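For reference, positions follow the sequence shown, starting with 1. Values in this document were obtained by computation on a predicted structure and should not be read as measured data.
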Amino acid sequence: MGSIALPAVIFMLSLLPGYILINAYNRAEGAPLNYAPFAVTTTKAIIYAAFFHLVWFTICHALHGVGFIHRVDINSLAALMMGRYDHIDLQNTMQPLPIFLYFMSQYLVALLLGHVTQYFVLKHNLDWAEGEKPTASQKILAFFFSFDMPWFNLLKGRDQNIRSGRLTALEIRDLLGVLTSKDKWKDSLHTIGKYLKIEHAITDIIKVLEAENPNTHKNTLADYIQVSCDVVTDINNESYILKGYIDDFYFDSNGLLDRIILRGASKRRYRSRLPFTPILGDLFVLKYADLKSLNIQYENLLLNYAELIAGLLAADKAISLEDRPPE
């Protein structure tokens with residue numbers, strides 16, 4: 001039993017960097033972003049682990065003798081994995097501390113690399129080819145970095161065309177320029193932002209409004225997207241419409257949507273014309289299996305702030321704000 005178990009343990013330890021990298025890359029906010037078959041995941045793990053070991057072999061041979069770094073005895077490693085212990089010089093090969101550092105450094109780097117790569121891919125939308133005519137480089141990047149996560153994109157508002165409710169970012173910028181002056185509209189924005197206590201959004205507003213094409217700042221705008229939904233479900237054998245802002249969502253083990261968490265939820269009977277009644281509580285949990293229909297709406301807070309500022313200027317309510325101290 002021992003002769004079989006040790007090679008299996010060594011083999012799993014050798015594959016772990018690949019699995020750690022895949023798991024770190026495929027999870028965001030606790031939600032898995034990929035549900036690839038086990039055979040596909042294992043194949044990727046073997047390829048990634050082989051890459052890690054190749055890099056670590058090279059580093060160990062280049063820095064042999066520095067601190068705790070030793071050369072990797074490939075022959076002894078192969079003999080261990082085949083259970084041929086009589087071909088191993090245990091005294092010189094089995095050094096606990098270098099072996100521990102070798103594997104732990106791989107695991108830590110794999111974990112960090114997975115999270116950093118995922119952050120970069122999601123931030124710059126490298127996981128899909130955007131536009132009507134995506135470039136060859138976009139297609140290649142999408143092929144290597146794509147996630148199988150339609151629900152994640154939908155409920156996060158990542159792949160939506162960015163428009164405000166009434167005005168585009170360009171129209172808001174032009175309005176601000178007319179109502180103030182070409183060289184002072186930024187100062188007016190900062191002043192109003194301080195008064196409204198939204199200074200954190202002013203820099204991003206200016207960045208978007210200065211762009212010739214506001215969609216070039218799609219990632220900036222997406223950070224301010226708030227997703228709400230209307231659902232039809234049965235409560236006590238009666239159909240109700242529930243609405244609220246999506247606070248979180250969870251998937252089941254098969255990657256299917258399982259639960260939606262609503263914030264600020266309210267309800268009314270289906271087909272009723274009465275106003276919505278607030279549901280007491282901080283969060284409302286909906287089982288996706290209980291929903292009859294789901295309507296999703298996107299609200300961009302960043303452009304809403306800009307519209308609010310434009311409305312204040314248009315109504316001539318911001319003239320004296322520079323002399324008014326913040327509350």
Side-chain angles (χ1 to χ4, degrees), residues 27-35 122 125 127-132 146-169 171-172 201 208 214-215 217-308 311:
R27 294 189 71 85
E29 302 179 19
L33 303 183
N34 249 339
Y35 287 88
L122 292 179
N125 295 330
D127 53 315
W128 75 72
E130 291 187 282
E132 297 180 357
S146 62
F147 297 101
D148 181 18
M149 54 173 194
W151 276 115
F152 185 86
N153 285 334
L154 187 67
L155 297 179
K156 286 292 184 182
R158 293 183 63 237
D159 54 356
Q160 303 304 310
N161 292 322
I162 305 300
R163 266 189 77 90
S164 62
R166 296 180 299 278
L167 302 173
T168 66
E171 291 166 339
I172 294 173
V208 172
N215 275 332
H217 292 290
K218 187 172 183 178
N219 298 321
T220 301
L221 288 165
D223 291 338
Y224 289 86
I225 284 181
Q226 190 167 240
V227 184
S228 63
C229 70
D230 303 323
V231 302
V232 178
T233 187
D234 286 341
I235 301 177
N236 295 329
N237 297 321
E238 289 190 66
S239 293
Y240 279 83
I241 300 176
L242 282 75
K243 65 185 302 183
Y245 291 103
I246 297 179
D247 186 80
D248 208 344
F249 49 89
Y250 298 92
F251 301 98
D252 62 18
S253 59
N254 296 316
L256 301 176
L257 188 62
D258 182 50
R259 288 164 290 156
I260 299 176
I261 313 298
L262 295 184
R263 172 173 41 85
S266 57
K267 68 177 182 178
R268 77 176 184 195
R269 283 187 173 87
Y270 190 63
R271 299 185 185 280
S272 172
R273 295 186 177 180
L274 296 174
F276 282 87
T277 303
I279 299 176
L280 297 179
D282 297 321
L283 299 172
F284 189 84
V285 181
L286 284 169
K287 289 284 291 182
Y288 179 68
D290 297 333
L291 305 185
K292 294 183 176 179
S293 63
L294 173 64
N295 177 49
I296 296 176
Q297 297 173 313
Y298 302 96
E299 179 182 354
N300 196 290
L301 299 180
L302 190 66
L303 294 186
N304 285 352
Y305 291 150
E307 286 186 4
L308 174 61

Are any of the side-chain heavy atoms of Phe251 and Asp258 separated by less than 4.5 Å? no
What are the two closest non-hydrogen atoms of Tyr250 and Ile261, and how far apart are they? CE1-CG1, 3.8 Å
Could you walk me through whether Lys243 and Asn295 pass the side chain to side chain contact (heavy atoms under 4.5 Å, CB included) check? CA-CA 9 Å; Lys243 65 185 302 183; Asn295 177 49; over 6 Å; no
Can you measure from NZ (Lys292) to CD1 (Ile241) and round to the nearest 0.5 angstrom? 11.0 Å
To the nearest 0.5 Å, what is the distance between SG on Cys229 and CG on Leu291? 8.0 Å
So NZ of Lys267 and CD of Glu238: to nearest 0.5 Å the spacing works out to 9.5 Å
Derivation of the salt bridge (charged side-chain N to carboxylate O under 4.0 Å, His left out) call for Arg263 and Asp248: CA-CA 9 Å; Arg263 172 173 41 85; Asp248 208 344; over 6 Å; no
Any heavy-atom pair between the side chains of Ile235 and Leu242 that's under 4.5 Å? yes
Contact between Ser239 and Asp234 at the side-chain level, heavy atoms closer than 4.5 Å - yes or no? yes
Atom of Asp290, atom of Thr233 and distance for their closest heavy-atom approach: O-OG1, 3.0 Å
Can you run down the ring pair (Phe, Tyr, Trp, His ring centres under 6.0 Å) pairs that involve residues 259-296, sequence neighbours left out, and say none if there aren't any? Trp151-Tyr288
So Tyr240 and Val232, do their side chains get closer than 4.5 Å, heavy atoms only? no
How close do Pro278 and Ser266 get, counting heavy atoms only, and between which atoms? CA-CB, 3.8 Å
Return the minimal non-hydrogen interatomic distance between Arg268 and Pro275, and the atom names on each side. CB-O, 4.1 Å
Distance from Leu262 atom CG to Asp247 atom CG, nearest 0.5 Å? 9.0 Å
If you round to the nearest 0.5 Å, how far is CG of Leu286 from CG of Leu294? 9.0 Å
